[in-house]
Amino acid sequence: MITFLKRAMAAGAAALLSSSMLLPGAAEARSLDEILSSGTLKVGVNPTLPPLGIYDDTNQIAGFDVDFSQKLADMLGVELEVVQVGSPDRIPFVASGKIDIVMGAMTRNPTRAKVIDFTLPVHTEVFGVLTTEEKGYTDWKELNSPDVTMVQVRGSTPVKFIEENLPEAEVLLLDNYPDVIRALAQGRGDALLDVVDFVGEHMNKHDVAWKVVETPVDIYYCAIGVAKNSDNLKDWLNVAIFELHRDGVVDDLWVKWFERPMIREVGVSPWF
């Protein structure tokens with residue numbers, strides 16, 4: 001299970017990565033024509049971000065990102081090659097041409113955009129509050145009260161966020177997400193603050209009227225990362241992403257892997 005405020009940590013990491021892109025001897029990113037000629041699309045996927053990327057029973061990388069990338073490869077008429085990446089190396093890999101595109105909750109931000117380019121969003125992630133319908137919360141800031149008990153995973157990044165932004169709230173720390181969701185379902189706490197999309201499978205195990213508080217802390221827009229100046233590839237990807245959104249493919253894949261609909265839709269429009 002993912003523990004996030006990864007966006008808060010990303011800026012510093014990306015700044016450090018930017019210098020590594022300038023090393024001599026780095027491979028050049030492939031153009032769209034070169035990808036088509038090669039017959040292969042190389043996609044970077046992080047298998048430690050389930051269910052975006054995960055090892056299956058045969059120790060192969062699977063998940064939402066792999067299925068989505070397979071759709072892109074099919075539309076291009078090429079084979080998909082999945083390349084394992086981690087958070088530290090995914091940006092260097094795509095910037096240097098070791099892979100053609102990279103996924104893995106690639107949130108657009110100005111620091112990363114100095115190093116790589118981004119497509120239009122593939123999906124969103126909501127950093128917000130999960131509670132139950134019986135609670136009347138409408139804004140995450142309402143949780144800053146001694147009458148509120150937050151149930152959180154011990155050692156996860158949101159715990160620090162709560163300490164800094166909701167100091168009046170009580171906090172019950174448990175060891176993992178299944179235990180946290182069970183505690184909320186049993187009424188042992190009032191709310192969870194985290195990236196709510198990633199706890200859908202645990203929510204579905206309890207017959208509870210769940211509620212995501214209307215006003216989140218933030219909404220992350222996650223796109224595909226490509227090397228700088230890959231305009232032809234990026235333009236094609238944008239058209240493909242639009243079609244996959246419009247045809248409902250993204251929504252179907254999201255439900256398949258996250259077991260619940262996307263909390264906040266990307267919002268496809270004719271000028272998307």
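Values reported hereafter were calculated over all heavy atoms of this structure, with side chains retained and with hydrogens, waters and symmetry mates removed. Predicted, not measured: the structure shown is a model, and the values here were computed from it.
Here the side chains of Val66 and Ile54 are not in contact, with every heavy-atom distance at 4.5 Å or above. Here the side chains of Asp194 and Val129 are not in contact, with every heavy-atom distance at 4.5 Å or above. Contact annotation: the side chain of Val43 never approaches that of Val82 to less than 4.5 Å [non-hydrogen atoms, C-beta and beyond]. Val85 has its side chain out of reach of Val45: every pair of non-hydrogen atoms, C-beta onward, lies at least 4.5 Å apart. Using a 4.5 Å heavy-atom cutoff, the side chains of Met103 and Phe68 are in contact. Two residues are said to be in side-chain contact when any heavy atoms from C-beta on lie closer than 4.5 Å; Lys211 and Thr132 fail this criterion. With a 4.5 Å cut-off on side-chain heavy atoms, Val217 and Leu193 count as touching. Residues Ile101 and Leu41 have side chains in contact (heavy-atom distance under 4.5 Å, counting atoms from C-beta outward).
Counting all heavy atoms, side chain and backbone alike, Pro50 lies closest to Phe198 at O-CD2, 3.6 Å. Taking every heavy atom of both residues into account, Pro88 and Pro92 meet most closely at O-CD, 3.6 Å. Of all heavy-atom pairs spanning Ala227 and Ala29, the tightest one is CB-CB, 3.3 Å. Contact between Ala105 and Glu125 at its shortest, heavy atoms only, is CB-OE2, 3.3 Å. Here the shortest heavy-atom pairing between Trp140 and Pro216 reads CD1-O, 3.4 Å.
Counting only distance, with no hydrogens or angles, the side chain of Ser230 and the backbone of Val226 share no donor-acceptor pair below 3.5 Å. Looking at Asp89, its side chain does come within 3.5 Å of a backbone N or O of Gly86 through a donor-acceptor pair. Side chain of His245 to main chain of Val122: a donor-acceptor pair is present (N/O by atom type, distance under 3.5 Å, no hydrogens or angles). Side chain of Asp65 to backbone of Gly53: no donor-acceptor contact under 3.5 angstrom is found. Looking at Thr119, its side chain does come within 3.5 Å of a backbone N or O of Ile224 through a donor-acceptor pair.
Evaluation of the salt bridge (charged side-chain N to carboxylate O under 4.0 Å, His left out) rule for Arg30 yields Asp100 as partners, not counting sequence neighbours. Residues passing the side chain to side chain donor-acceptor pair (under 3.5 Å) test with Asn46 are Thr48, sequence neighbours excluded. Under the side chain to side chain donor-acceptor pair (under 3.5 Å) criterion, Gln60 pairs with no residue at all, not counting sequence neighbours. For Trp257, the ring pair (Phe, Tyr, Trp, His ring centres under 6.0 Å) test picks out no residue, with sequence neighbours left out. For Lys114, there are no salt bridge (charged side-chain N to carboxylate O under 4.0 Å, His left out) partners two or more places apart in sequence or in a different chain. Checked against salt bridge (charged side-chain N to carboxylate O under 4.0 Å, His left out), Glu79 has no partners two or more places apart in sequence or in another chain. For Phe118, there are no ring pair (Phe, Tyr, Trp, His ring centres under 6.0 Å) partners, not counting sequence neighbours.
The distance from the CE atom of Met262 to the CH2 atom of Trp254 is 5.0 Å, given to the nearest 0.5 Å. The structure places CG of Asp56 at 9.5 Å from CD1 of Ile61, a figure rounded to the nearest 0.5 Å. To the nearest 0.5 Å, atoms OG (Ser69) and NZ (Lys42) are separated by 14.5 Å. Between the CG atom in Asp235 and the CG atom in Leu32 there is a gap of 9.5 Å [rounded to 0.5 Å]. The line from CG of Leu80 to CG of Asp74 is 8.5 Å long, rounded to the nearest 0.5 Å. For the atom pair CE of Met106 and SG of Cys222, the computed distance is 9.0 Å after rounding to the nearest 0.5 Å.
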Identify each donor-acceptor pair in which a side-chain atom of residues 159-174 lies under 3.5 Å from a protein atom, sequence neighbours left out, and give them as a table.
residue: Lys160; atom: NZ; partner: Glu164; partner atom: OE2; Å: 2.9
residue: Asn165; atom: ND2; partner: Phe161; partner atom: O; Å: 2.9

Only pairs under 3.5 Å count here: list side-chain donor-acceptor contacts from residues 178-187, not counting sequence neighbours, and write none if there are none.
residue: Asp179; atom: OD1; partner: Arg182; partner atom: NH1; Å: 2.6
residue: Asp179; atom: OD2; partner: Asn176; partner atom: ND2; Å: 3.4
residue: Gln186; atom: OE1; partner: Arg188; partner atom: NH1; Å: 3.2

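Trp210 and His206 have perpendicular rings, their planes meeting at more than 60° on a 0 to 90° scale where under 30° would count as parallel.
At a threshold of 4.5 Å between side-chain heavy atoms, the hydrophobic network of Ile, Leu, Val, Met, Phe, Trp and Tyr places Tyr55 and Phe258 in one connected group.
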Might you work through the side-chain contact (heavy atoms from CB on, under 4.5 Å) test for Leu76 and Leu36, ending with a clear yes or no? CA-CA 7 Å; Leu76 282 170; Leu36 291 171; 3.9 Å; yes
Tyr221/His123 under ring-ring contact (aromatic ring centres under 6.0 Å, His included): CA gap, chis, key distance, verdict: CA-CA 6 Å; Tyr221 288 83; His123 63 85; 9.9 Å; no
Start with the C-alpha gap between Tyr137 and Glu214, add the side-chain angles, then the distance that decides, and say whether side-chain contact (heavy atoms from CB on, under 4.5 Å) holds. CA-CA 8 Å; Tyr137 310 128; Glu214 291 87 336; over 6 Å; no
What's the verdict on side-chain contact (heavy atoms from CB on, under 4.5 Å) for Val249 and Lys71, showing C-alpha distance, side-chain angles and the deciding distance? CA-CA 9 Å; Val249 174; Lys71 296 292 184 183; 3.9 Å; yes
side-chain contact (heavy atoms from CB on, under 4.5 Å) between Met150 and Leu143: does it pass, once the steps are laid out? CA-CA 8 Å; Met150 305 297 300; Leu143 303 173; 3.8 Å; yes
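Note on residues 133-145: pairs passing salt bridge (Lys or Arg N to Asp or Glu O under 4.0 Å), not counting sequence neighbours, are Lys135-Asp190. For the side-chain hydrogen bond (donor to acceptor under 3.5 Å, both in side chains) condition, the pairs that include at least one residue of residues 145-154, sequence neighbours left out, are Arg154-Asp175. Sorted by first and then second residue, the salt bridge (Lys or Arg N to Asp or Glu O under 4.0 Å) pairs with a member in residues 250-266 read Asp67-Lys256; sequence neighbours excluded.
Asp117 pairs with exactly one of Arg112, Lys228, Arg108 by the side chain to side chain donor-acceptor pair (under 3.5 Å) rule, that one being Lys228.
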